[in-house]
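Note sheet for the following structure.
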Amino acid sequence: MAEERILEQRKEKVEKLKELGYEPYAYRYEVNAKAGELLQRFGKVKSEEEREKEELPKDELSLAGRIMSMRIMGKAAFFHIQDESGRIQCYIRRDTVGADFYNKVFKKLIDIGDIVGVRGTLFRTRTGELTLEVKELIPLTKSLRPLPEKWHGLKDTEKRYRQRYLDLIVNPEVRDIFRTRTKVIKKIREFLDSRGFIEVETPILQPIASGAAARPFITHYNALDIDVYLRIAPELYLKRLLVGGFERVYELGKNFRNEGISTRHNPEFTMVEWYMAYADYNDLMEMTEELFEFLLDEIFGKGVREIEYQGTKISFERPFRRISYLGELSKKTGLTEEELLHDEEKVLAKAKELGIEKAEELSHFKRVQELFEALVEPELIQPTFVIDFPKAISPLAKEKRGNPELVERFELFIFGREIANAYTELNNPKEQEERFKQQLEEKAKGDEEAMEYDADFITALEYGMPPTAGEGIGIDRLVMLFTDKDSIREVLLFPQLRPEKRCGEEICEVEPEKKEE
RNA sequence: GGGCCCGUAGCUCAGCUGGUAGAGCAACGGACUUUUAAUCCGUAGGUCGGAGGUUCGAAUCCUCCCGGGCUCACCA
């Protein structure tokens, strides 16, 4: 293999560097400048007049980074080094660094991909590119494997995800996605902190996985000899904190759901959930609008209220549209709200008409939800709050004032996707107990995702949880929206992939075939 | 899990109406002191994802398997 040969050649170069007294894996290097900052400060191309007048700083700069390209032209050479901030060209001449170093070290032992330190001064080439004239070059880390191609980068999606570090080295726009991700998370914290919320950490290993409708991952805790679950949501723990007297809490972290992987689902994903005492879902809608305004200001620039996602303009002008769950569904189905709530036959007929799979097996309100997902959600392109959901599919939300069949709940949809989910929280222990029991019945009927009964949570509510509103936002999908990405994998540094089978033939023969479930 | 598509050199890709593999970049040797997808001359590099099958002959056709992408289902 060509790669094997390159590996061998480079390992030899490591030895030769050592022989010549260089450390191929150095310890430290004093850096006083960043490529990106220099480029930003001194611009890239200038008119001739400007260039004549231009005075670049004469002080010696030292930078460190990875060599990304190289053009050797006899007794001088150009190369680009890339640090975290960007890529700057360097110029090295035999007569400046010495013939020995230039011929024996630079030309023979330094490769594209190596990490080096360079010291020198800035100048501008004939074509106007800002360039560092190298007075000294120090090898810092030898790279043994060849980098992907300089022009086309790395395109193979599988390789990009499995070896994300290569993707990050070679595709600068990928680094930007993750910078944005970090910023989104940071700014959400800032927003909540500034409003008096405290960030808390609740268990990821839970004896009962509740708080959402999803299948959990199971693991075993040896010391207690019990099975525990990776949390599917932190909700019930956060509410216990409100019982305990914290009035504004939030948690930003991972949830785990043992379900399919797709462009919109990763088994571990990041959520922020916050709970605010003495508030209801109306307050949260306003707060959500404010949060979006804040994020847009911080990420896209002050006052920006429109972004483009997958070729569609999305406007975040307040107030966001508000529609009622049943009202909208009534418009789309032609059934009245009364029929949607109570006429099982008509709803079933409609579900069948739309070709909803296994419609017969679903409970009435699951069918209604199916209708909603099929008919309403795809049309919610601009930010829209859907409000007042049926009680039966919202076991943790409080009854709507004036309508006991609905709950005070909203979901925020953008581009047909659910971004946020919020309720006026149910804090009546007796009713919560009944709702849990209903979930148990659903479970008994075969709904694997019905919510688990959490008796300790009921006990907590019996001590009294203040009136509270709570909301959760899926961070990954939010980042997708802000980075214009259509796959969740593009916004996860290391998305879940099936492990590669990388075994020798012998090992594979010994390994038993995995049985299909 | 179902459907459709993809897997050829380290990377990006050609070759696919069957006749045992090509290019550019990267690598190696050489020329070149302001190049920038540097250029020029030369060299090396592949069990064509894996296993079977059809055939005189398979990267190419068929089957199964592995991995990936999109999509549907479940969900956030």
Side-chain angles (χ1 to χ4, degrees), chain A residues 1-10 12-13 68-80 87 89-96 102 107-108 111-113 123-129 131 133 144-163 166 170 212-215 232-233 255-271 273 355-358 366 369-370 373 411-413 417-421 447-449 472-478 480 486-489 495 497-503 505 508 513-514 516-517:
Chain A
M1 277 166 85
E3 193 173 15
E4 298 292 324
R5 255 198 2 260
I6 291 169
L7 213 59
E8 285 313 309
Q9 285 165 357
R10 299 232 178 148
E12 282 170 27
K13 289 179 180 182
M68 297 304 292
S69 66
M70 226 191 236
R71 294 173 291 282
I72 294 179
M73 303 170 331
K75 299 178 186 65
F78 288 91
F79 57 94
H80 277 90
R87 219 178 255 203
Q89 180 168 259
C90 300
Y91 177 57
I92 188 167
R93 298 193 313 153
R94 189 194 67 181
D95 296 346
T96 316
Y102 184 81
K107 274 170 78 172
K108 293 291 169 193
D111 291 294
I112 292 175
F123 76 106
R124 204 172 283 283
T125 61
R126 267 186 218 149
T127 47
E129 180 164 353
T131 303
E133 159 122 47
L144 300 180
R145 293 182 185 270
L147 287 180
E149 207 228 3
K150 62 182 171 189
W151 190 242
H152 298 93
L154 183 66
K155 288 186 176 167
D156 185 299
T157 356
E158 184 177 353
K159 194 150 196 139
R160 286 185 46 231
Y161 297 154
R162 284 197 200 279
Q163 291 177 276
L166 289 179
V170 164
R215 278 146 66 170
I232 56 176
N255 290 346
F256 306 83
R257 298 191 184 174
N258 203 340
E259 279 157 7
I261 298 172
S262 78
T263 35
R264 255 141 252 162
H265 302 87
N266 197 64
E268 52 182 292
F269 63 101
T270 304
M271 285 265 293
E273 282 194 17
I356 286 163
E357 272 179 45
K358 297 179 196 159
K366 285 249 172 182
Q369 176 64 13
E370 290 284 337
E373 284 169 15
E411 290 191 348
L412 173 64
F413 284 87
R417 297 176 194 166
E418 185 193 331
I419 298 290
N421 183 17
D447 182 355
E448 285 190 57
E449 285 168 352
I473 291 185
I475 301 285
D476 311 286
R477 289 181 179 181
L478 191 63
M480 286 166 69
D486 204 30
S487 170
I488 197 170
R489 296 181 201 105
L497 296 180
R498 200 180 288 276
E500 250 177 327
K501 250 191 201 163
R502 221 196 272 170
C503 47
E505 287 148 44
C508 275
E513 292 256 320
K514 282 261 167 73
E516 295 277 312
E517 304 266 309

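A note on names: the letters A, B, ... follow the listed sequences, proteins ahead of strands, and every chain is numbered from 1.
Take A:R215 and apply the side-chain contact (heavy atoms from CB on, under 4.5 Å) test, not counting sequence neighbours, and it matches A:N258, A:E259, A:E448, A:E449. A:E149 pairs by the side-chain contact (heavy atoms from CB on, under 4.5 Å) definition with A:W151, A:H152, not counting sequence neighbours.
Checking B:rA27, B:rU34, B:rG69 against every side-chain atom of A:K13, the shortest atom distance belongs to B:rA27. In the set B:rU12, B:rA26, B:rU35, the nucleotide with an atom closest to the side chain of A:M73 is B:rU35. Of the candidate nucleotides B:rC25, B:rG67, B:rA27, B:rC25 has the atom nearest to the side chain of A:E149. You'll find that the side chain of A:R126 is closest to B:rU34, out of B:rA37, B:rC13, B:rU34. Among B:rG29, B:rC74, B:rU35, the nucleotide with an atom closest to any side-chain atom of A:E370 is B:rC74. Set against B:rU71, B:rG10, B:rC74, the side chain of A:R264 has B:rU71 as its closest nucleotide. For A:F123, whose side chain is taken as the heavy atoms from C-beta onward, the closest listed nucleotide among B:rU34, B:rC11, B:rG68 is B:rU34. Picking from B:rA27, B:rG67, B:rU71 the nucleotide with the shortest atom distance to the side chain of A:D486 gives B:rU71. Taking every side-chain heavy atom of A:R489 into account, B:rC70 is the closest of B:rC70, B:rG67, B:rU34.
A close approach under 4.0 Å does not occur between any side-chain nitrogen or oxygen of A:R160 and OP1 or OP2 of B:rG68. When the side-chain nitrogen and oxygen atoms of A:R5 are compared with OP1 and OP2 of B:rG10, none of them lie within a distance under 4.0 Å. Considering only side-chain N and O atoms, A:S487 lies under 4.0 angstrom from the phosphate OP1 or OP2 of B:rC70. For the OP1/OP2 pair of B:rU71 and a distance below 4.0 Å, the side-chain nitrogens and oxygens of A:S262 include no atom meeting the criterion. Contact between the side-chain N/O atoms of A:R145 and the OP1/OP2 oxygens of B:rG10 is not found at any separation under 4.0 Å.
For B:rU17, there is no paired base (Watson-Crick or G-U wobble, both distances below 3.5 Å). In a base pair of the Watson-Crick type (N1 to N3 plus N6-O4 or O6-N4) or a G-U wobble (N1-O2 and O6-N3), with each distance short of 3.5 Å, B:rC61 is matched with B:rG53. A 3.5 Å limit on both hydrogen-bonding distances identifies B:rG24 as the Watson-Crick or G-U partner of B:rC11.
Nucleic acid contact class of A:T263 (heavy atoms, under 4.0 Å, all strands): sugar-phosphate only. Among the protein residues, A:I72 comes within range of the nucleic acid bases, having at least one heavy atom under 4.0 Å from a base atom. Base contact: A:R257 has a heavy atom under 4.0 Å from a base atom. Among the atoms of the strands shown, only primed sugar atoms or phosphate atoms (P, OP1, OP2) are found under 4.0 Å from some heavy atom of A:A213. Counting non-hydrogen atoms under 4.0 angstrom, A:D111 reaches the backbone sugars and phosphates but no base. Across all strands, A:Q89 comes closer than 4.0 Å to base atoms (heavy-atom distances). Residue contacts for A:K107: at a heavy-atom cut-off of 4.0 Å it reaches no nucleic acid atom on any strand shown. When heavy atoms are screened at a 4.0 angstrom cut-off, A:N266 is found touching base atoms of the nucleic acid. In this structure, A:G474 reaches neither bases nor backbone, as no heavy-atom distance under 4.0 Å exists between it and the strands shown. At the heavy-atom level, A:G472 lies nowhere under 4.0 Å from the strands shown. Nucleic acid contact class of A:D476 (heavy atoms, under 4.0 Å, all strands): none.
In this structure, the CG atom of A:L147 is 10 Å from the C1' atom of B:rC11, given to the nearest Å. When rounded to the nearest whole Å, the span between CZ of A:F79 and P of B:rU34 equals 16 Å. Distance A:K159 NZ to B:rU8 C1': 14 Å, rounded to the nearest Å. The interatomic distance linking A:L7 (CG) with B:rC28 (P) rounds to 13 Å, in whole Å.
Distance check on atom P: B:rU55 versus B:rA9 gives 30 Å, rounded to whole Å. Across B:rC62 and B:rG18, the matching C1' atoms stand 13 Å from one another, rounded to whole Å.
By the neighbour-count criterion of 12 heavy atoms within 6.0 Å, atom CZ of A:R145 is sparsely surrounded, having that number or fewer from other residues, nucleotides or ligands.
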